[in-house]
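Please read the structure below before turning to the comments.
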Amino acid sequence: MWKAKTCFRQIFLAVVTRQYSRVAPPPSSVIRVTNNIAHLGPPKQGPLPRQLISLPPFPGYPLPGKNAAGDEGDSGHVTAISWVKYYFEEIHDKAIQTHFTKGLVQMEFRGRMDASREKEDGAIPMRKIKHNQVMEIGDKIWLPVSIAEMRISKRYDTIPSGTFYPNADEIAYLQRLVRFKDSAIIVLNKPPKLPVKGNVPIHNSMDALAAAALSFGKDEGPRLVHRLDRETSGLLVMGRSKESIDYLHSVFSDYKGRNSSCKAWNKACEAMYQQYWALVIGSPKEKEGRISAPLSKVLLDDGKTDRVVLAQGSGFEASQEAITEYRVLGPMINGCSWLELRPITSRKHQLRVHCAEALGTPIVGDYKYGWFVHKRWKQMPQVDIEPTTGKPYKLRRPEGLDVQKGSVLSKVPLLHLHCREMVLPNIAKFLHVLNQQETEPLHTGIIDKPDLLRFVASMPSHMKISWNLMSSYLV
């Protein structure tokens with residue numbers, strides 16, 4: 001009986017067992033039903049790889065411009081979600097929390113195990129992290145590009161173009177640009193195509209309009225202490241008193257105001273920085289670096305127009321030292337990539353020249369320093385490869401989005417250069433500290449104020465459209 005069962009079992013296995021070729025197994029397939037017709041098809045693909053951007057390496061605790069006794073209390077550390085919220089201050093907290101909940105936030109591996117974890121294709125080894133992950137100096141977080149997707153207003157504000165006496169609508173428009181205001185300074189989010197410093201034929205410059213519309217009860221309006229190009233958008237600081245203007249001039253100079261006997265003031269001036277976001281054509285060979293390339297001015301053949309170029313170093317031309325730190329935010333899409341720029345010096349057209357001539361990647365919309373690259377870029381079909389799978393990207397245009405409003409896909413894009421972040425000494429506090437008498441103690445309310453102020457400005461509409469288009473690429 002036992003032999004009979006064994007024989008039957010062998011015969012049954014021989015019948016039902018299929019012998020596969022050792023060369024390659026047959027492709028897996030599933031039965032799908034479409035219009036009541038069954039057919040074999042490939043299995044459903046898994047989740048597609050997402051576009052990722054990287055945050056800068058964690059600088060350490062406390063964060064610049066953030067009180068030590070803030071959200072982290074007296075614990076002396078910063079969690080991953082607090083670091084992401086700090087960097088993306090303009091993004092709603094709920095969107096950031098959702099990315100952590102779905103497990104979309106990753107961190108690079110660090111330490112001796114990096115070499116063993118390094119992949120053959122050169123991809124960066126990463127691991128998923130939770131919101132309460134404690135950050136250490138140098139930690140680098142990667143997130144989907146979709147975290148910074150922004151809603152775009154269909155209504156475009158009209159830039160004032162009247163006279164020295166703006167009307168009520170123009171005053172309301174200018175006051176909506178104010179990001180911060182105290183007794184010493186006013187910080188604005190300057191829109192593109194609005195000149196900062198005017199002359200006789202230009203009446204709608206920022207300095208003239210601010211003097212007429214942003215006095216806020218003072219006898220005189222605020223004054224400029226630094227400049228942005230006409231086409232550049234972002235944070236613009238103005239002084240409200242003679243003393244604050246003098247201190248701000250020293251802060252924005254190359255000496256950074258570090259010539260005082262007050263150690264707190266010198267330390268705050270050293271911590272001061274400006275950070276820009278720019279969309280450039282192409283991608284730098286190195287993902288991050290420091291550009292040290294002196295600049296000089298040359299006069300064109302017409303005898304009126306000047307142009308900033310990289311100094312040749314011959315010693316026969318006047319030049320100025322110019323230093324810029326840069327970092328690539330993410331992969332190259334549609335032939336373009338996003339850069340994070342931090343100028344160490346303040347020179348005319350420094351970022352535009354360094355991007356175009358030093359890196360070979362002119363800023364999108366910069367026709368003065370990248371005209372020939374723009375012409376060649378628009379004529380070439382772009383095929384971008386996803387680094388993880390090696391497959392080409394496909395563009396999905398968001399419905400109802402007008403890409404012709406100066407974005408990267410428009411025929412004539414606007415300049416994609418935006419002063420996004422700035423950290424400044426608290427001028428209102430240090431005016432009391434530096435001018436106090438040794439016998440007069442400072443008021444408690446003044447001592448409790450932070451030494452540094454941090455500001456973040458959202459991008460203009462044409463750059464928001466370009467960012468949303470980049471995050472809409474799918475494999």
Side-chain angles (χ1 to χ4, degrees), residues 190 192-193 195-197 226-236 252-254 256 273-329 332 335-378 406 408 412-422 459-460 463 466:
K190 173 190 168 301
K193 299 192 293 184
V196 173
K197 186 69 176 177
H226 72 114
R227 298 188 183 185
L228 294 176
D229 295 338
R230 179 191 179 104
E231 296 83 6
T232 305
S233 60
L235 294 169
L236 183 70
F252 282 99
S253 67
D254 292 340
K256 303 293 183 185
Y273 66 84
Q274 293 173 274
Q275 192 178 91
Y276 290 73
W277 274 11
L279 183 64
V280 298
I281 302 175
S283 182
K285 295 180 180 179
E286 301 294 334
K287 296 302 180 184
E288 56 183 309
R290 184 183 179 96
I291 306 169
S292 182
L295 304 177
S296 61
K297 283 185 181 181
V298 296
L299 198 63
L300 299 184
D301 295 337
D302 59 5
K304 298 179 181 180
T305 310
D306 60 355
R307 184 186 178 94
V308 180
V309 297
L310 295 181
Q312 301 299 322
S314 60
F316 297 101
E317 58 182 356
S319 63
Q320 291 181 311
E321 182 186 20
I323 302 174
T324 303
E325 295 178 351
Y326 75 92
R327 187 176 68 88
V328 180
L329 289 175
M332 184 167 64
C336 302
S337 55
W338 287 90
L339 298 186
E340 183 183 84
L341 305 168
R342 182 176 292 192
I344 307 302
T345 56
S346 302
R347 304 286 179 247
K348 180 180 179 181
H349 295 174
Q350 173 180 321
L351 299 180
R352 297 167 64 179
V353 176
H354 276 178
C355 286
E357 299 190 18
L359 295 179
T361 56
I363 299 174
V364 172
D366 188 1
Y367 306 104
K368 183 170 186 176
Y369 297 102
W371 169 253
F372 294 105
V373 178
H374 274 78
K375 188 176 181 180
R376 187 168 64 250
W377 166 57
K378 282 296 184 182
V408 66
V412 184
L414 297 177
L415 183 68
H416 283 58
L417 180 61
H418 176 72
C419 183
R420 177 182 176 270
E421 182 183 358
M422 185 181 297
M459 292 187 291
M463 292 184 68
S466 297

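- Taking all atoms of both residues into account, the shortest heavy-atom contact from R420 to L235 is O-CD1, 3.6 Å.
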Under the side-chain contact (heavy atoms from CB on, under 4.5 Å) criterion, do L341 and C355 qualify, and how do the steps go?
-> CA-CA 9 Å; L341 305 168; C355 286; 3.8 Å; yes

Working for side-chain contact (heavy atoms from CB on, under 4.5 Å), residues H226 and L236 = CA-CA 7 Å; H226 72 114; L236 183 70; 3.8 Å; yes

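- Residue L415 holds its CG atom at 5.0 Å from OG1 of T232, rounded to the nearest 0.5 Å.
- With H418 as reference, M459 is the one residue of Q275, M459, K190 to meet the side chain to side chain contact (heavy atoms under 4.5 Å, CB included) rule.
- Contact of the R327 side chain with the R342 side chain is not registered, since no non-hydrogen atoms from C-beta on lie closer than 4.5 Å.
- Taking the six-membered ring where the residue is Trp, H374 and Y367 present tilted rings, their angle falling between 30° and 60°.
- Residues E340 and W277 form a side-chain contact, since some pair of their non-hydrogen atoms from C-beta on lies under 4.5 Å apart.
- Residue E288 holds its CD atom at 11.0 Å from CG of L329, rounded to the nearest 0.5 Å.
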Mind running side-chain contact (heavy atoms from CB on, under 4.5 Å) on V280 and V364 for me, showing each step along the way?
-> CA-CA 5 Å; V280 298; V364 172; 5.9 Å; no

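- Proximity of R352 to E231: side-chain heavy atoms (C-beta onward) are separated by under 4.5 Å at one or more points.
- H416 and S466 form a side-chain donor-acceptor contact under 3.5 Å, judged by distance and modelled atom types alone.
- Two residues are said to be in side-chain contact when any heavy atoms from C-beta on lie closer than 4.5 Å; P413 and V408 fail this criterion.
- Here the CG atom belonging to L417 is positioned 8.5 Å from the CG atom belonging to D366, to the nearest 0.5 angstrom.
- E325 places a side-chain heavy atom less than 4.5 Å from the side chain of I344.
- A distance-only check finds no donor-acceptor pair linking the side chain of K348 to the backbone of R307 [under 3.5 Å].
- By the 4.5 Å heavy-atom criterion applied to side chains, Q350 and T324 are counted as neighbours.
- Of the N and O atoms on the side chains of Y326 and E286, not one donor lies less than 3.5 Å from an acceptor on the other residue.
- Note: S337 OG to I281 CD1 = 10.0 Å, rounded to the nearest 0.5 Å.
- Between L310 and L295 the shortest side-chain heavy-atom distance falls below 4.5 Å.
- Nearest heavy atoms, R347 versus A322: CG-CB, 4.0 Å.
- In the model, T345 has no side-chain atom that pairs as donor or acceptor with a side-chain atom of E321 under 3.5 Å.
- Here the closest non-hydrogen pair linking Y369 and P362 is O-CB, 4.5 Å.
- Put simply, the side chain of L339 reaches to within 4.5 Å of the side chain of L359, judged on heavy atoms.
- Between G282 and T361 the shortest heavy-atom distance is C-CG2, 3.9 Å.
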